[in-house]
Structure formats: structure tokens, C-alpha cells
Amino acid sequence: MSAEPTAPAPAPSDFIRDIVVGHVAEQRYAKIVTRFPPEPNGYLHIGHAKSICLNFGIAREHQGQCNLRFDDTNPVKEDVEYVDSITRDVRWLIAGWADQCLGFKPKGAHPGRTTVNGQPDYYLGPVAPDANSEAFFASDYFDQLYEYAVELIKRGKAYVCDLSAEDTEKYRGSPDAPGKDSPFRHRSVAENLDLFTRMKAGEFPDGARSLRSKIDMASPNMWLRDPLLYRIRHVAHHHAGDKWCIYPLYDYAHCLSDYLEGITHSICTLEFVDHRPLYDWVLENLGLPRALPHQYEFAKLNLAYTLVSKRKLLTLVTEKVVSGWDDPRMPTLSGLRRRGIPASALRTFVTGVGVTKFDSLTEAAVFENAVRGELNTAAQRRLAVLKPLKLVLTNLAAGETVECTATNNPQDENPTTRPIALTREVFIETDDFAEVPPPKYFRLKPGGEVRLKYACIIKCDELVKDAAGAITEIRCTAQLDTRHGQPNADKKVKGTIHWVSATNCLDAEVRLYDRLFTVAEPAAEEDFLKVVNPKSLEVVTAKLEASLATAKLDDRYQFERLGYFALDPKDSNVGSPLAGGPRLVFNRTISLKDTWAK
RNA sequence: UGCCUGAUGGUGUAAUGGUAGCACAGGUGACUUUGACUCACCUAGUCAUGGUUCGAAUCCAUGUCGGGCAGCCA
């Protein structure tokens with residue numbers, strides 16, 4: 001329908017993309033393959049969105065692939081609950097944008113044995129997501145990882161160490177002082193092989209021994225001081241079952257997982273810069289036949305007024321500061337989704353902040369701007385009154401209705417309309433009337449005139465107050481000839497306010513959210529619970545125009561002059577045949593920008 | 001007092017030896033049946049000191065300040 005498609009956004013550019021573009025130019029790889037590798041031990045948040053968009057974005061820009069891989073090497077922290085939520089969140093975020101790049105693997109598949117240049121090899125390539133496929137799991141590589149560890153031992157590059165965790169730490173030294181060799185560092189290959197086999201067989205208790213790389217205990221890089229490759233943990237694994245009692249550590253498993261999947265660019269955050277030499281060490285000391293993946297690091301996202309620490313987010317949930325991981329105030333993808341934030345707005349935002357190695361703090365306004373921008377074009381305009389004040393149009397008869405026409409979305413090229421009926425009694429926003437108006441007040445005041453949006457100009461004639469002096473009703477005259485198409489339609493007044501017919505409207509619960517914290521950097525606080533915004537949620541019973549009775553879960557609405565709203569997918573009861581009709585619960589995704597100084 | 005890494009308007013980010021640009025925020029105005037949107041204009045920056053060069057945000061040196069690293073977490 002739309003004649004001119006919006007100009008495609010310019011392809012983002014950053015130092016990592018520049019590297020990839022260079023590799024593509026020199027045809028270093030047959031295909032660009034990235035990966036998004038969360039550990040299934042918590043919910044994805046807005047910080048992950050940056051990584052997801054970077055990895056999928058790069059794959060997308062080069063007709064490549066981005067594997068979703070669960071980095072599940074620590075069974076004591078992980079659970080399938082997280083596997084499910086993470087999968088759902090990733091698919092939601094990339095839907096309609098990079099679905100074609102999402103790499104899954106056949107259900108239950110493990111790396112296959114192949115031969116490359118006469119050398120044995122393992123590889124597990126991607127397939128498109130469907131009913132018979134699933135995400136990749138590092139735990140599917142435990143067999144290969146074990147085999148590689150044996151190879152490292154045979155090459156004299158790894159040894160079984162009997163030091164306790166405490167002694168291992170002591171031997172490691174400190175950043176400004178070299179460590180010293182473990183007394184077990186020079187065990188024979190045969191003894192190491194025997195001990196490692198018995199570790200796997202379950203002969204030793206947790207922590208009794210470990211498999212360590214043999215690198216350099218005096219290295220200025222702490223991560224090269226014979227880091228552990230395997231630890232003993234007699235626990236079942238959520239994905240691998242009870243087959244193993246030794247589990248590989250991140251630095252050992254990650255680079256090899258990347259290799260097994262044919263990852264070309266392994267992108268992670270800055271705290272892993274120090275690990276990169278280890279990443280390369282493992283790969284280079286195994287004599288692998290295919291091209292090796294390489295690690296690149298970027299600065300994680302820091303957003304003002306938000307917290308992304310898993311531990312602290314969990315505290316918010318357990319202390320019931322919020323209703324759950326998907327509370328619309330949470331920075332989790334499930335929370336943002338429930339709040340009504342479109343995935344496209346999240347993508348626009350995270351790609352907009354760019355990718356650098358600078359530890360920055362992004363202002364909340366940047367995020368809010370991206371959300372409003374997206375919603376402005378997508379949202380259907382509706383009239384709703386959050387804090388109702390009754391207004392009587394004294395020159396309209398009690399049963400009389402005046403048909404008016406409202407525009408659904410003025411941003412559309414050919415906006416559609418809907419009818420709304422003006423009646424004698426309407427509700428206006430309490431804030432839109434002031435008995436004693438502040439300077440520059442455009443709205444209704446005693447004796448003043450204002451336009452009821454889509455209807456006509458009204459004049460305030462008198463106030464009705466209760467015994468306590470509170471205003472209970474405003475009585476006005478409707479100037480019906482100022483309606484659209486009427487002789488005085490062009491009459492100008494400074495203010496236009498929204499309204500809802502009092503006799504033909506819907507009640508709805510509306511949840512108004514504000515930022516969860518009162519300070520820009522809650523993470524820097526000694527006690528972040530002390531800076532929780534006590535007014536982060538306000539619940540009101542609003543009056544909605546009748547057409548909202550058929551509101552849909554997936555639709556986005558702008559309640560005019562108020563903000564963008566979406567049905568709460570959990571608590572709304574849409575289209576239910578219940579006698580009382582649907583239960584409507586709206587979340588305010590974000591308010592409209594308000595440049596009128598308060 | 002070790003190693004790694006970084007520093008460009010208020011914020012975020014471009015410019016890879018040749019005109020310091022963009023976005024957000026802020027300000028002014030236009031338009032407006034949303035104090036929204038849109039549009040126009042304005043404000044505001046290369047951490048410091050030296051050096052190389054015709055020319056430096058960019059290269060070199062030194063310094064300052066920030067972030068990361070001593071899990072059998074990822």
C-alpha cells in the first residue's frame with residue numbers, strides 16, 4: 001500500500017564490523033558465523049540485547065549465521081527454565097529482522113566426526129529453526145572436550161593438580177607478584193592420563209583434583225597462571241543428564257565450542273580481554289585442522305536508572321519490590337516486552353548507542369526517544385481519561401449523541417477514522433482544569449474556552465463543589481458549530497483536551513510506570529534497595545472510549561496527550577466470554593514527551 | 001606497586017595525517033483539533049604537556065584520570 005518505503009537504515013559501522021568487513025573483503029572465511037552464548041542461569045536483559053543485535057546484525061549484514069548457544073558448563077547454576085525463557089526472548093528480539101540468520105542444530109545432535117586435510121576433526125553446523133531443531137549447547141560437546149583435554153595432556157600441556165581451591169589461590173600469587181608452580185605440575189603424562197580418567201570415572205570427591213593447563217605461573221596476566229580446565233562436580237546436568245561428574249570451565253569450553261560450530265568471530269564484552277590469550281592458547285595447542293575462531297571485545301551497555309546485575313535483579317524479585325522477572329519495570333527482555341516496548345525499538349536503541357571499547361553510561365532519554373519514535377508511527381490513537389473529572393454540556397439533552405470522527409493515526413499516509421459520540425456528560429482529565437490556572441495555562445479554566453478533541457469548543461460556565469469545597473462537576477456550553485465541517489470549525493482556541501463520554505465508556509485498570517530507581521547509577525549505590533523509586537508504579541481506574549473494548553494484545557495504542565499504552569498480556573482477559581466482558585489492564589509503556597515546564 | 005584497556009560538546013558516537021560531523025538532551029521559533037509529531041535555527045567538544053609534520057582528534061613520548069584482571073562463575 002504505502003507508496004514510498006521508508007529508506008533503509010544505513011548499515012551500522014563500528015570497529016568490530018570494520019574488522020569483519022575487512023575479512024569479507026579478503027575472503028578469509030566462506031561464511032561469517034557468530035554466536036550469542038548466554039549461560040542459562042537467569043533472564044536476558046537490555047544489556048544482552050546489545051550483544052544479540054551485534055552478533056545477529058553482523059551475521060545479517062553478510063548473509064551469515066548466528067548460533068544461539070547455551071554456555072552451560074556449570075550445572076549447579078543452570079536450569080531449563082532459563083533455556084526456555086532465553087530462547088523465547090532471543091526469538092522475539094530478532095523476529096522480522098534476523099530470523100533467517102538464527103542458527104539452531106538438529107534436536108539432540110552432537111558434533112560429527114569428519115576428516116579435514118587427512119586430520120580427524122569434529123564439526124556441528126547450523127540448521128534453520130523448526131520443530132526438529134533446537135539451540136546449541138556447550139554441554140553437547142562434553143565428549144569432544146574430554147577428548148581434547150586428553151590430547152592436551154598427551155602434549156604435555158595439561159596436568160592433574162591435587163591442590164585444594166585455597167592452595168591453588170595461594171600458589172597463583174597476585175597481580176604484582178608471580179605465582180609458583182604447583183607441586184603436581186610435573187607429573188608424567190601417563191600419571192596425568194590415569195588420574196584424569198579416574199576423575200571422569202568419579203573416583204574422587206568434589207574439589208579433590210582438577211585438570212590444569214600448563215602455561216606460566218609467573219605470567220603478568222593472571223589468566224595464564226595455569227588456569228583450570230576441569231573441576232569435579234558430582235551433580236547432574238540439566239541438559240547432559242548424569243553422565244558427567246567433571247565439568248569444563250568457561251575458558252576451556254568456550255573457545256572449543258566456537259571452533260566446533262565453525263564460529264568465525266567470537267564477540268564478547270571487555271572483561272574477557274585478559275582471557276583472549278588463553279582462548280588462543282587452548283586452540284593453538286591442539287593442532288586443530290580448521291580455521292580458528294578469534295575473540296573480539298566491546299564495552300557492555302550501561303543505561304542510566306537501570307540495573308542489570310543478575311544478583312540484584314533477583315533481589316528485586318525475591319524482596320517483592322517488583323512482581324517478577326517480567327514485571328514491566330524490569331530491564332529484562334520479558335519485562336520490556338510485557339511493558340509494550342516493541343522489539344524494533346530495542347534494536348534501534350542498542351544499535352544507536354554504537355559499539356566501542358569505552359565504558360559509557362547512556363542517558364535514559366536515548367532509550368525513551370527510540371521507543372517513542374517507534375510507537376509514534378505504530379500506535380493507534382485513542383481517547384482515555386486517567387483521572388476523570390465530570391463535565392456536563394448543559395446545552396445537550398440527556399440522551400442526545402453528537403457523532404464525531406476521530407483519526408486513528410495521523411502518521412499514516414491515508415489515515416483511517418472511527419466514530420466517537422459526544423454526549424451531555426463526559427469525563428475530562430482532572431489536570432486539564434484549573435480553578436486558579438498557573439501562568440501560560442492552555443487548558444480549561446473558569447470562563448475559559450477549550451476544544452474537546454475531535455468534537456467542538458466548549459466554554460466553562462460554572463463549577464459545582466461538594467461540601468468540602470472539592471470540584472465535583474464542571475458545567476459548560478458546547479459550541480456545536482465549531483465541529484469539523486461546521487461553519488465555525490476554524491475557530492481557534494489555545495487548548496485542546498481529550499475526553500471520554502461518561503455514558504458510553506469502559507472502565508479499565510491502567511498501570512502507570514516510572515523509572516525503578518531514583519538515581520542514575522543504582523549499581524554504584526551502597527544499598528540499591530534504598531534508591532528504589534517508591535512511585536515507580538501507580539494504578540488507576542481509567543475511563544476509556546468504547547472502541548477499546550476490542551483492543552488486541554499485539555496492538556499498540558496512544559492515549560492522546562497521555563502516552564503509549566499496551567494491554568498487559570498476563571492480567572488482561574481479552575475476548576473472553578465472561579459475563580462481565582473482557583477485563584482490560586493497560587500498561588503505560590511510556591509517556592508522551594512533555595515540554596510544558598512543570 | 002604488575003598486566004590489559006580506554007579518554008572527542010551535558011550524554012552517546014563519527015572522522016583511520018587534510019573543513020571536527022551525526023544522534024539524544026537543552027534553547028528559540030514555525031506549524032498544530034495531541035503543550036505530541038514534524039520543520040528551521042541556536043547552544044556546546046578533541047584529557048594535559050611536549051615532539052614529528054606544510055598540516056595532528058588521528059602518529060610518537062611522558063603524564064593525568066577512568067575501567068578490567070588474583071572463582072574449582074560465566
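Below, chain A is the first sequence line, B the second, and so on; all start at residue 1.
Here the separation of B:U38 from B:C31, taken at their C1' atoms, is 8 Å to the nearest Å. A gap of 31 Å separates the C1' atoms of B:G10 and B:U62, to the nearest Å. One C1' atom belongs to B:A15, the other to B:U8, and the distance between them is 10 Å to the nearest Å. When the C1' atom is used for both B:C60 and B:G17, the distance is 13 Å, rounded to whole Å. Separation of the P atoms belonging to B:U58 and B:G51 is 14 Å when rounded to the nearest angstrom. Taking the P atoms as reference points, B:G12 lies 33 Å from B:G35, given to the whole Å. Rounded to whole Å, the separation between the P atoms of B:G68 and B:U28 comes to 40 Å. B:C24 and B:U16 have their P atoms separated by 24 Å, given to the nearest Å.
A salt bridge does not link A:E429 with A:R443: every distance from a Lys NZ or Arg NE/NH1/NH2 to an Asp or Glu carboxylate oxygen is 4.0 Å or more. Here A:E271 pairs with A:K300 in a salt bridge; the nearest charged N to carboxylate O distance falls below 4.0 Å. Under a 4.0 Å N-O distance rule, the pair A:E261/A:R35 does not qualify as a salt bridge. The pair A:R382-A:D555 fails the salt-bridge criterion, with no side-chain N (NZ, NE, NH1 or NH2) lying under 4.0 Å from an Asp/Glu carboxylate O. A salt bridge is absent between A:E39 and A:K77: the closest approach of a Lys/Arg side-chain nitrogen to an acidic carboxylate oxygen does not fall below 4.0 angstrom.
Taking atom CD of residue A:E271 and atom C1' of nucleotide B:A74, one finds them 9 Å apart after rounding to whole Å. The interatomic distance linking A:Q295 (CD) with B:A74 (C1') rounds to 12 Å, in whole Å. Spacing between atom CG of A:L54 and atom C1' of B:U13 amounts to 14 Å, rounded to whole angstrom units. As rounded to whole Å, 13 Å separates atom P of B:C69 from atom CG of A:D251. A:W223 places its CH2 atom 10 Å from the P atom of B:C73, with the value rounded to the nearest Å. The nearest whole Å value for the distance from the CG atom in A:D258 to the C1' atom in B:A74 is 13 Å. Between the P atom of B:C72 and the OH atom of A:Y171 lies a distance of 15 Å, rounded to the nearest Å. Atom-to-atom, CG of A:L375 to C1' of B:C37 comes out at 13 Å; the value is rounded to the nearest Å.
Relative ring orientation between A:H237 and A:H239 is described as perpendicular, the plane-to-plane angle rising above 60° on a 0-90° scale split at 30° and 60°. A:W244 and A:F142 have perpendicular rings, their planes meeting at more than 60° on a 0 to 90° scale where under 30° would count as parallel.
Applying the 6.0 Å contact sphere to NE2 of A:H484 captures no more than 12 heavy atoms from other residues, nucleotides or ligands. For A:K310, the NZ atom counts as densely surrounded, since its 6.0 Å shell holds more than 12 non-hydrogen atoms of other residues, nucleotides or ligands. No more than 12 heavy atoms of other residues, nucleotides or ligands shown are found within 6.0 angstrom of NZ on A:K459.
For an aromatic pair to be called close, the ring centres must be under 6.0 Å apart, and A:F184 with A:Y171 fails this. Ring to ring, A:F565 and A:Y557 are not that close: their centroids are 6.0 angstrom or more apart. A:F136 and A:F70 have their aromatic ring centers separated by at least 6.0 angstrom. Ring-centre distance between A:Y230 and A:Y252: below the 6.0 Å cut-off.
Secondary structure note: stems in RNA chain B built from 3 or more consecutive Watson-Crick or G-U wobble pairs under 3.5 Å occupy B:2-7 with B:64-69, B:10-13 with B:21-24, B:26-30 with B:38-42, B:47-51 with B:59-63.
In the model, A:H498 has no side-chain atom that pairs as donor or acceptor with a side-chain atom of A:R381 under 3.5 Å. A:Y279 and A:D258 are linked by a side-chain donor-acceptor pair at a separation below 3.5 angstrom, with hydrogens and angles left out of the test. Side-chain contact annotation: A:N221 with A:D274, donor-acceptor N/O pair under 3.5 Å absent. Between the side chains of A:Y305 and A:E363, not a single donor N or O lies within less than 3.5 Å of an accepting N or O.
Using a distance-only test at 3.5 Å, with no hydrogens or angles considered, no donor-acceptor pair links the side chain of A:Q558 to the main chain of A:A379.
At a non-hydrogen distance threshold of 4.0 Å, A:L228, A:R231, A:R233 from residues 224-236 of chain A come into contact with RNA chain B. Against RNA chain B, the stretch residues 43-50 of chain A makes no heavy-atom approach under 4.0 Å.
Using a 4.0 Å heavy-atom cutoff across all strands shown, A:G207 reaches at least one base atom of the nucleic acid. As judged by a 4.0 angstrom heavy-atom cut-off over every strand, A:H254 is placed among residues making no nucleic acid contact. Using a 4.0 Å heavy-atom criterion, one finds that A:L163 contacts the bases of the nucleic acid, with or without backbone contacts as well. Among the atoms of the strands shown, only primed sugar atoms or phosphate atoms (P, OP1, OP2) are found under 4.0 Å from some heavy atom of A:S360. Among the heavy atoms of the strands lying under 4.0 Å from A:T356 are primed sugar atoms or P, OP1, OP2 only; no base atom is included.
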Between protein and nucleotides 1-9 of chain B, what N or O pairs are separated by less than 3.5 Å?
unit_1	atom_1	unit_2	atom_2	d
B:G2	N3	A:P175	O	3.1

Please write out each protein N/O paired with an N/O of nucleotides 16-22 of chain B under 3.5 Å, distance rounded to 0.1 Å.
unit_1	atom_1	unit_2	atom_2	d
B:U16	O4	A:D18	OD2	3.2

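Using a 4.5 Å heavy-atom cutoff, the side chains of A:D140 and A:L260 are not in contact.
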>> Within the 4.0 Å limit for protein heavy atoms, which parts of nucleotides 24-34 of chain B are touched? Write it as a string from 5' to 3', B for base, S for sugar-phosphate only, - for none.
In response: SS-------BB
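The shortest distance between the side-chain N/O atoms of A:T73 and the OP1/OP2 oxygens of B:A74 is below 4.0 Å.
Each of A:L54, A:L270, A:D14 was scored for a side chain to side chain contact (heavy atoms under 4.5 Å, CB included) with A:F298, with one residue passing: A:L54.
RNA chain B is contacted by both A:S174 and A:F272; A:S174 maps to the nucleotide lying nearer its 5′ end (nearest heavy atom per residue).
Glycosidic conformation of B:G71 is syn; the angle stays within 90° of 0.
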